[in-house]
Structure formats: structure tokens, C-alpha cells
S.K.: 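After the C-alpha cells below, expect a handful of questions from me.
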Amino acid sequence: MPLRHWLAAFEPIADDAAVRPLRVGAEDWRRLAEDVAASGGRLLALWGQDATAGRPAVFAAYQTAAGLWIAELVCDAPAVADDPYPGLQDLYPFAGRMQRAIRDLHGLRSTDPDHRPWLRHAPGEAYEFVRVEGDGVHEIPVGPVHAGIIEPGHFRFSVVGEKVLRLEQRLGFAHKGIERRFLEFAALDGSRLAARVSGDSAVAYSWAYCIALESQWGVRIPRRAQWLRALALELERIANHLGDLGALGNDAGFAFGLTQFSRLKEQVLRATEHALGQRYAMDWVVPGGVSRELPPDAATALDRCLAEVGAESVVLRGIYEEHAGVRDRFTGTGAIAPDLAARLGLTGLAGRASGQVQDLRRDLRFPPYEELRPAIGGAVSGDVAARVAVRFDELLESCRLGRRILAQLPGGDLRVAVVAPAPAAFGVGAVEGWRGPVLVALATAAGGRIRRCHPHDPSWQNWPALEHAVIDNIVPDFPLINKSFNLSYSGHDL
Amino acid sequence: MLKTLRQIQRTGIVTEPVPAPDPTLRIRAVLEQRILGILGRALAIRMVDAGSCNGCELEVNALTNPIYNIEGLGVHFVASPRHADLLLVSGPVTTAMRDPLLRVYEATPDPKLVVAIGDCGRDGGVFGCGGPSLGAVANVIPVDVVVPGCPPSPNRLLAGILAALDASAALDVRQEGGGRAE
Ligand code: SF4
């Protein structure tokens, strides 16, 4: 069925309208998923709720050519109460883990076959890894505590000699009950927790949270606040790319890259602290706008910093591209071809490096990006080299966007007062963070309380793809491949 | 190669001077002296993320950049707890990380120091304590020093490491080289 068929059923998600998820039956739950997939749309998030939030239900957020659509399948209706709800893993392979998480957190089962726990780690209960049998195959377990300064997670490699036959991830070690914790926050205060779902994407999460809240409460934020939020989001993108580009050089045996990029990153963090008050802008985006005014000289200082970082990054890019050793380690390593990327639903910067050129800053046209018109690029080779190239492109584009924002920053208020209206409501916010699309679905109750909040990280989509990226590569290349994606554990484990 | 060398030359030395007029930067000089005085060799740190949001790790990583240049002070991060003098632990500790954290603690040779970092390492921070969050690092292993902040800045982290060294030195004097009171 063409997507058109559904069009009348969905309410548009505009930035000034509350939205109601479309309630579907089990059959339509499946049919909608098929139609969206067939039309080239994508599943952004899949989450559930139990009786604590009203009725047990599962939700899906789709990005279609007609905008964001939210579907809800109530699971205490007679049709699905005893039976499992229809799984979507055949259409969207990454949905499998989300469905396992829904079962862990809310007890709702899908029809898909894999019911191993995912986020929940029962003490004493052994996790069943898939075993690879064969001559000379052995397993290398790594983690959850890693050698470097990174987040906890477990990787199990099946290898022959140096070659990786299979990687299986076991995540959930950073699961700290974030969704439950939201219920203890007033909706007006929830942006603080949202910002800390994944600390490297604080602006993306707090902004998505605020859109979800402001849209359902009918709050229109000042233009100046929109531009200042975008400034912070681009600074976040710049800082993360700088950090990862340095680490990638280091993992390729080129410590010079780490020294240079970590120095530039520190410059950006200090300029950010001067302008926004924090090195990592955890509490910059707040309901109604942003938290404080830029100090008088901050715009000039920040502009100078971005100009410098941009210019230096161009030089460093040249050095990376000409360095035979670096080029050799990056090229062809950890590749995901475009057709596989499309099938796996690879998203964000990793998706763009594998020919999936999508970016919410362009595709959802939310302010101020409809005015800023960021250039969205991509690559097709899908290897570490492609992800590095996309990071360089996006780093330079963000420096340009940041400088443009500073040059044309609208005047006016920073923030409008926000008061909770009486009735319960629901809203969704989606923002393209540096890693990919970050989505927050938020249901509020009377009195400004939070009834349900689901923050969604693009790492849900990309972790399973990483398992594909390492096949046939050598074990020592894993850190490099892993870093080129740099997926979130905390944002995924919740 | 020429480009690389030119870039190195252009960048020069960016490590912040010791001591600097800013009092927080004096920490560097003191830290360096203490490490030499107490250990007589480099201080080995093992980082354990016991469930953080990754914000704390970003600032720990910053310690290794050429501005803070923690290696230059005689501190290095090691890959195994068996080589560590000090554990740097971020929180909140999750139920799934409780046992791995205990194992790291047990594998670290005595005398060992533990620095819990971040508001979350202190008391669970924004995530609180309940359900799968066990909150403070001290709820799971003994902690010598807490460095609050969300995330704590690199200079605060340096100050925390210094405080842990001082505490251990004081303890050693009192106990004449004995183990740690817990
Ligand atoms: S203290 Fe702040 S930065 Fe550190 S883990 Fe907790 S929320 Fe994240």
C-alpha cells in the first residue's frame, strides 16, 4: 500500500502543535511498518510502556517523506493481551534489540524469535552467546571493563588466527534506569536528566527533550534561543569530531594526530566554557530557550577560535591524507557497503559514510536549520576512511555554521516563561546530534509531571552494524573500526 | 613528512607552564613533587567507568591532551588493574557493573587508592540511587577521595588525584608503612 493511504490518519508534528500517536491494531502495526520501509522511510525509535504510564503499549517513530509519524499499539487490547505483538525485525534488523529491551523493561513480548535479555543483567544468569564452530576457531572475550578510558560493554570475537569471523556484542552494563528516573523529575526539570543520557550529546538530547515538551505545551521559543541552541549543537559536533579524529590517528599509529586534535578540542572546550558557561553544555538548553546570555566578548572569541580550528583542521586533513601509514590503515577497513547499510538501517554520520545521505537538520527543516541550510555530504566506500572523510567534512561545515550563527545572531529574548498546562499531553523532539538522530518522546501528566519519557540514541541502529563492519577484518583493527563509529553505551543502555 | 614537521614546529609547546599565576594551575607543580616524593616513579592509574554518562570519561581523556599533559607529570593510564596504584572510578555504579568493579578492585595490588569522580561517583548524581543504579562508588568499594562536578574539570581531577596521594602519605606516616585503614 502506498504511504498516501496513511497520510490522512496521521497528525502532522509541527513545532507548534501537540501530537497524538496514531493508535493502530496489530495488523496495521505491521502494515504501516511495511509501507514505511517500502517507501524508503526509516524507523527512528521503538519503545514500550507498562501500566505505570497508563496502558501497556508499544510505540514506533517513523521518519517518512511526509514527516515524523508515531504509531501506538495498545497491548492490553484483547487482540494482543495474551499474544505477543508483531515483531519488526525482518523489516528493520536493529528492531530486534529494541524489542528485547521492551521485554526487559515492560514485559511485553514480540513475535520475533530472540528473547534473550538485553538491558537487564540478571545476577548469576549466564548469557547465551552464539557459538561459531569450526577448525581453529577460538573466542576472545573483551570487557566489560576496557583497557582504555571508555564506557563499559562486552565484545565476544570468534576468530581464526587474526581474522574475525564474528563479533557478538553484549551491552546493558551502563543500564541505570534512566527512563524510570525521569518519572521522579518535574517535566520542566527533565532537560537536566536528558542532557546526561549520553554526556557527549548533551545538547542534542536536551534540545530534543525541550522540543518534545514545548511542542505539547504550545510554547514558542524566541528566535535568538533557536540560534543559540544551534550554536551549542554545532560546538558539540565540532568537539566530538576533533576528539575522535585525534583518537583515530592514534589508533592508526600516528600519535601526532592525537596531540594535534586533542589540543584543538581543548581550545574549543575552553571557548565553549567562556561563551556558554560550561565546557560540555549540559545545562544550556532549557525549556523555553537557553539558560544564559553570552558574555560581551564571547562571540568574537568564539569566532576566532572556530576560524582557527577550521584552518588547522584543513592542514591536518592534508597530513592524514598524505600519510601512507594512516591511509593504509583507514582504507578498506571496517567497510559497510551502501546496500548493506540500507538493509541494516545504518544512520547518522556512519550512514552518510555508507551512502545513506540523511540528516534531520535538512530533512525535518526545523528552525533555525531551515534558514541555515547546512551542507549535507557523504561518501560511499563505507570504510574507516569514509567515516573519517565525513567527519572532516562535517567538522568544517560546523565551523562555518557556527561562525554564521555568531555573525547573524538575532536579537531579542533568550527564554520565555513556561508553565505547565492542565491536561496531559504527548510530544516528540528529534535533533541530528553529531552521531545521528536523537529522539525524545515525552508524555506529561497534569501538574507538569512526567508520565513516560523515552530518549533514543542512534547507537541502537548502529551497534548491530558494527558487528558486520568487523567481519573479515583483523582483531588489531577493531579499536580503529570501533572508534570510527564511536557509539554510545550509556545512551543505548539507558 | 615535511608538512607534519612544520605543523609540529608551528604548534610549539602548548603545555601550561608550571607554576602559573592561576592557583588551580599550581596543582600541577605540587602533584609532580608528590608523585616523585611518595612513589619515586610514575603513578599508574586504571580508569573504570562503572556506569557513567560518558561525560566524566571525556574530561579524564582531556588530562592526556598536551595542555594538561598528565604524562609529563609522571602519571600514566594503565590497561590492567594489576599495574595500578590508583583507580579512578566514575559512577553511578550499575547493578551490572558491581561485580566487574569489585573484581578490578580486588585485582589491584595493595596499597591502592580509589578516587570516585563526578557527582554520580559521589552519590549517583542526576541518576540517583535506586533500581539498577547503586549510586555512589563508595556503596561498592572503599573510596579515598571524591571529586564532585558534572563533569569535574581536568584541573579538579588533578586536584583529586593529588588529594588521594596526600591522604595516603599521611596514612603511611601514621601507620609506619602499614596497610590502609578501611
Ligand atoms: S557526573 Fe555528570 S558527567 Fe559525570 S557521569 Fe554523572 S552525569 Fe555524567
Side-chain angles (χ1 to χ4, degrees), chain A residues 119-121 123 143-152 172-178 180-181 184-185 192-193 195-202 239-240 243 246-247 254 256 258-263 265-267 269-270 273 279-280 282-283 312 315-316 318-319 322-323 488-491 493, chain B residues 1 3-4 6-8 10-11 14 45-68 77-81 88 90-101 103-104 118 120 124-128 130-135 150-151 153-154:
Chain A
L119 294 185
R120 193 177 50 87
H121 289 232
V145 182
H146 298 291
I149 304 167
I150 57 168
E151 297 182 83
F173 288 92
H175 175 59
K176 44 199 169 280
I178 293 178
R180 269 293 164 86
R181 180 67 173 165
E184 289 162 29
F185 278 71
R192 273 198 318 121
L193 181 56
R196 291 159 175 85
V197 168
S198 175
D200 55 42
S201 303
N240 279 290
F254 194 40
F256 161 86
L258 180 62
T259 309
Q260 292 289 330
F261 279 110
S262 63
R263 168 181 68 88
K265 179 175 179 182
E266 182 67 24
Q267 269 180 30
L269 293 180
R270 289 184 174 195
E273 183 178 26
R279 285 161 61 86
Y280 290 93
M282 294 275 184
D283 301 304
E312 296 240 9
V315 174
L316 292 173
I319 291 175
E322 280 171 26
H323 191 284
S488 172
Y489 300 67
S490 181
D493 293 352
Chain B
M1 191 64 201
K3 261 200 205 166
T4 310
R6 208 175 299 129
Q7 176 72 9
I8 291 172
R10 247 176 5 96
T11 309
V14 293
I45 298 185
R46 179 77 177 92
M47 171 78 213
V48 182
D49 176 341
S52 89
C53 81
N54 195 31
C56 282
E57 282 62 39
L58 295 175
E59 290 296 44
V60 174
N61 261 315
L63 288 173
T64 63
N65 76 29
I67 317 270
Y68 299 104
F77 286 92
V78 292
S80 164
L88 208 53
S90 61
V93 184
T94 62
T95 46
M97 282 306 289
R98 184 179 173 277
D99 287 350
L101 176 59
R103 280 200 296 273
V104 169
C120 296
V126 74
F127 304 107
S133 167
L134 302 176
C150 184
S153 67

S.K.: Begin from the C-alpha positions of B/Phe127 and A/Leu193 and carry the test side-chain contact (heavy atoms from CB on, under 4.5 Å) through to its verdict.
M.R.: CA-CA 8 Å; B/Phe127 304 107; A/Leu193 181 56; 3.7 Å; yes

S.K.: Under a 4.5 Å cutoff for heavy-atom pairs, which residue among A/Ile150, A/Leu258, A/Ile319, A/Asp493 has the most contacts with chain B?
M.R.: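 Winner by heavy-atom pair count: A/Ile319.
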
S.K.: Rounded at 0.5 Å granularity, tell me how far CD1 in A/Ile149 sits from SG in B/Cys56.
M.R.: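 These two atoms lie 12.0 Å from each other.
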
S.K.: Out of curiosity, A/Lys176 NZ to B/Thr94 OG1, how far, rounded to the nearest 0.5 Å?
M.R.: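 Rounded to the nearest 0.5 Å, the NZ-OG1 separation comes to 7.5 Å.
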
S.K.: A/Arg263 versus chain B, heavy atoms under 4.5 Å apart: side chain, backbone, both or neither?
M.R.: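 Both parts, heavy atoms under 4.5 Å.
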
S.K.: Quick one: are B/Ile8 and A/Phe256 in side-chain contact, heavy atoms under 4.5 Å?
M.R.: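 Yes, side chains in contact.
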
S.K.: Quick one: what part of A/Ile178 sits under 4.5 Å from any heavy atom of chain B, side chain, backbone, both or neither?
M.R.: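 Interface part for A/Ile178: side chain.
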
S.K.: Can you tell me how far the CD1 atom of B/Ile67 sits from the NZ atom of A/Lys265, to the nearest 0.5 Å?
M.R.: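 Result: 13.0 Å between the selected atoms.
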
S.K.: Please classify the contact between A/Gln260 and chain B as side chain, backbone, both or neither, with a heavy-atom cut-off of under 4.5 Å.
M.R.: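 A/Gln260 touches chain B through side-chain heavy atoms alone.
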
S.K.: Does A/Arg279 reach the main-chain N or O of B/Pro151 with its side chain, forming a donor-acceptor pair under 3.5 Å?
M.R.: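 Not confirmed, A/Arg279 side chain does not pair with B/Pro151 backbone.
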
S.K.: Are any of the side-chain heavy atoms of A/Tyr489 and B/Asp49 separated by less than 4.5 Å?
M.R.: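 Answer no - side chains too far apart.
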
S.K.: Counting only heavy atoms closer than 4.5 Å, note whether A/Glu273 contacts chain B via side chain, backbone, both or neither.
M.R.: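 Answer is neither: A/Glu273 stays 4.5 Å or more from chain B.
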
